[in-house]
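Beneath this line is the structure, given in structure tokens, with notes to follow.
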Amino acid sequence: MTKTSAWDTGRRSTRLRLRTTVVSIAAGALAVGTILTVAPTANAATTLGASAAAHGRYFGAAIAAHKLSDSTYVGIVNREFNSITPENEMKINATEPSQGRFDYAAADRIVNHARAQGMKVRGHTLAWHSQQPAWMEGMSGSPLRQAMLNHVTQVATYYRGKIDSWDVVNEAFADGNGGARRDSNLQRTGNDWIEAAFRAARAADPGAKLCYNDYNTDNWNWDKTQAVYRMVQDFKTRGVPIDCVGLQSHFNQGSPYPSNYRTTLQNFAALGVDVQITELDIEGSGATQANTYRNVVNDCLAVPRCNGITVWGVRDSDSWRASGTPLLFDNNGNKKQAYDATLSALNLNPPSNPPSNPPSNPPSNPPSNPPSNPPSDPPPSGAGCSATFSVNAWTGGFVATVKVTAGTSAINGWSVAMNLPAGSAVTNSWSAQASGTSGAVRFGNVSYNGRLNAGAGTEFGFQGTGTAPSGAPVCTAS
Ligand code: G2I
């Protein structure tokens with residue numbers, strides 16, 4: 001979090017303009033209500049990732065490639081988390097050490113590990129004022145803008161289809177009053193550098209969620225939070241492709257967890273983006289620290305579009321702020337009180353309407369082939385699931401993001417039917433099992449996102465050629 005200061009000049013035309021269209025909204029607004037405190041059930045998940053998945057969310061950690069040979073570390077990572085962020089390996093100085101020469105070796109080790117474990121990957125980060133290689137630090141103006149866009153394009157293309165969410169731009173706003181942009185060589189290429197980076201990222205990997213990520217954006221009353229909010233609002237209004245906002249959430253005495261954190265999450269989500277807590281760590285110890293972790297989890301679970309939490313490291317000793325003991329595991333890899341509070345908050349928080357018939361154990365092998373003949377009648381209102389979708393389309397192709405929401409009862413699986421226009425075809429999908437590529441296509445849940453508590457949601461997506469579907473998706477629960 002090096003700090004510099006800001007100004008802007010110049011303009012650059014965008015290369016590709018994407019339309020964002022909300023195509024249809026099916027039944028049932030998500031109810032956000034009181035968080036119920038109930039006794040843990042025999043079915044309570046025993047790991048952070050599994051418990052988050054029961055809410056249609058992920059629980060991740062930042063990891064370092066050079067620690068993948070540490071068996072204690074890897075044991076915790078594999079057991080507890082279902083999302084991974086490379087802590088340093090995807091930064092610009094790591095992936096493009098000299099201009100035009102890309103090195104993905106360390107990042108690949110993490111991505112391959114995560115994929116082998118069925119974990120999501122958060123990409124961090126494509127454009128940032130910090131951790132630039134020397135060649136980029138020395139650049140300015142139009143050549144720098146071009147180099148930045150090339151970097152975004154090359155790296156996002158290389159990892160196309162493997163990244164759940166990209167931190168496209170990191171830390172572009174200044175701290176303190178006024179809500180100005182942070183000064184940097186990138187900012188000096190023109191105020192539109194952020195949107196240019198997002199457009200380049202969308203063109204390179206249309207399936208990844210594209211996030212703006214920053215710190216000190218947790219307190220709703222802070223100028224920096226307001227400034228980021230206005231930028232996201234402006235992007236949504238003008239169709240700049242942005243899907244998520246990352247709140248780093250590094251909490252300590254100087255930057256404490258704010259009581260209005262949930263308000264911040266809700267307000268960003270209300271702009272129509274996902275909210276992700278991307279670098280959580282909370283300095284302190286014992287019950288005080290544990291309580292703050294609990295608060296953060298409760299806040300995220302209260303906001304349907306807060307779809308994941310990532311802690312910035314595994315053990316305290318792995319932290320960039322190791323002396324503040326800010327993580328969930330101690331130096332020996334033992335679970336801390338903060339861990340227990342986090343897991344129990346995840347387990348004690350059924351989505352706002354607790355299932356009237358809580359499911360017994362979810363099927364260990366959910367059906368990989370969804371039924372080929374969907375029932376012609378939709379499930380009774382409320383009892384099954386509903387699906388909504390939004391589309392980013394361009395000439396000749398589109399990406400659809402589909403949100404599946406359980407009705408008033410928990411479900412153990414789902415299948416979504418959609419009709420593609422003639423000449424259109426599905427080319428790939430994520431977080432769902434597709435059957436059929438043209439005409440009537442169907443998407444079934446995968447192992448980690450089939451079980452949804454009442455009112456809980458999950459998302460999947462697919463990419464296609466031709467024209468995007470326009471009819472309402474039909475969700476069938478199992
Ligand atoms: O500063 C905390 C985080 C704030 N938000 C953006 C994140 O990317 C950032 O992460 C930290 C890493 O946790 C540190 O590990 O970013 C720092 C700067 O990139 C990382 O520190 C670097 C050191 O500066 C290098 O000297 C060191 O070689 O870590 C490198 C690898 O250990």
Side-chain angles (χ1 to χ4, degrees), residues 1-4 60-70 73 77 81 83-97 103-107 109-111 121-134 136-137 151-152 155 163 165-175 182 184-187 194 197 210-219 222 224-225 228 244-257 275-283 296 308-329 331:
M1 301 197 295
T2 34
K3 296 176 179 66
T4 35
I63 69 168
H66 67 92
K67 292 179 185 165
L68 286 172
S69 53
D70 175 334
Y73 183 81
V77 168
F81 301 107
S83 173
I84 288 301
T85 307
E87 185 175 357
N88 290 301
E89 292 77 355
M90 285 185 174
K91 292 174 180 173
I92 312 172
N93 58 357
T95 51
E96 195 177 356
D103 182 348
Y104 299 111
R109 286 170 61 201
I110 293 182
V111 171
V121 179
R122 291 198 83 263
H124 174 82
T125 174
L126 293 170
W128 190 19
H129 69 277
S130 182
Q131 302 304 113
Q132 293 181 359
M136 186 180 269
E137 281 178 334
H151 181 84
V152 170
V155 178
I163 303 295
S165 303
W166 264 116
D167 289 335
V168 177
V169 171
N170 194 40
E171 302 176 358
F173 281 80
D175 292 302
R182 174 194 297 277
S184 71
N185 58 350
L186 291 169
Q187 179 62 31
I194 299 179
L210 306 182
C211 303
Y212 176 77
N213 191 51
D214 215 328
Y215 66 93
N216 282 351
T217 48
D218 315 291
N219 188 322
W222 286 9
K224 188 171 172 181
T225 312
V228 172
C244 36
V245 171
L247 304 190
Q248 294 183 10
S249 303
H250 296 290
F251 294 130
N252 54 35
Q253 279 193 328
S255 179
Y257 162 83
V275 184
Q276 302 181 0
I277 299 169
T278 53
E279 305 183 14
L280 180 64
D281 49 22
I282 301 169
E283 292 193 49
V296 170
I309 299 175
T310 298
V311 284
W312 204 243
V314 179
R315 300 159 299 197
D316 284 334
S317 49
D318 300 313
S319 170
W320 69 299
R321 285 177 166 166
S323 63
T325 63
L327 294 173
L328 300 176
F329 297 87
N331 296 354

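Because only heavy atoms are used, hydrogens play no part in the values below, and waters and symmetry mates are left out as well, while side chains stay in. Whatever order the structure lists ligands and atoms in, that order sets their numbers, starting from 1. Everything numeric in this text was worked out from a predicted model, so none of it was measured.
Taking the six-membered ring for Trp, Trp312 and His124 have ring centres closer than 6.0 Å.
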Exercise. Report the C-alpha separation of Val111 and Glu89 in whole Å, then their side-chain angles, then the decisive distance to 0.1 Å, and conclude whether the side-chain contact (heavy atoms from CB on, under 4.5 Å) test is met.
Key: CA-CA 10 Å; Val111 171; Glu89 292 77 355; over 6 Å; no

Practice problem: Take Asn213 and Glu279, measure what side-chain hydrogen bond (donor to acceptor under 3.5 Å, both in side chains) needs, and give me the verdict at the end. | Solution: CA-CA 10 Å; Asn213 191 51; Glu279 305 183 14; 3.1 Å; yes

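Inclusion of Gln248 in the set of residues having an N or O under 3.5 Å from an N or O of ligand 1 is warranted.
By heavy-atom distance, the residue among Glu87, Lys91, Gln131, Glu89 lying nearest atom 17 (C) of ligand 1 is Lys91. Considering each of His66, Met90, His124, Glu279, the one bringing a non-hydrogen atom nearest atom 5 (N) of ligand 1 is Glu279. Taking only non-hydrogen atoms, the option from Asp167, Asp281, Asn88 nearest to atom 32 (O) of ligand 1 is Asn88.
Take Asp318 and apply the side-chain hydrogen bond (donor to acceptor under 3.5 Å, both in side chains) test, not counting sequence neighbours, and it matches Lys67, Arg315. In this structure, Phe81 has no ring-ring contact (aromatic ring centres under 6.0 Å, His included) partners at least two apart in sequence or on a different chain.
For ligand 1, the atoms closer than 4.0 angstrom to any heavy atom of Asn170 are 6 (C). Every atom of ligand 1 with a heavy atom of Glu171 under 4.0 Å away is listed here by number and element: 4 (C), 5 (N), 6 (C).
The shell of residues lying under 4.0 angstrom from ligand 1, judged by heavy atoms, includes His250.
Looking at Trp312 against ligand 1, only its side chain comes within 4.0 Å, counting heavy atoms.
Between the CZ atom in Arg182 and the CG atom in Asp175 there is a gap of 6.0 Å [rounded to 0.5 Å].
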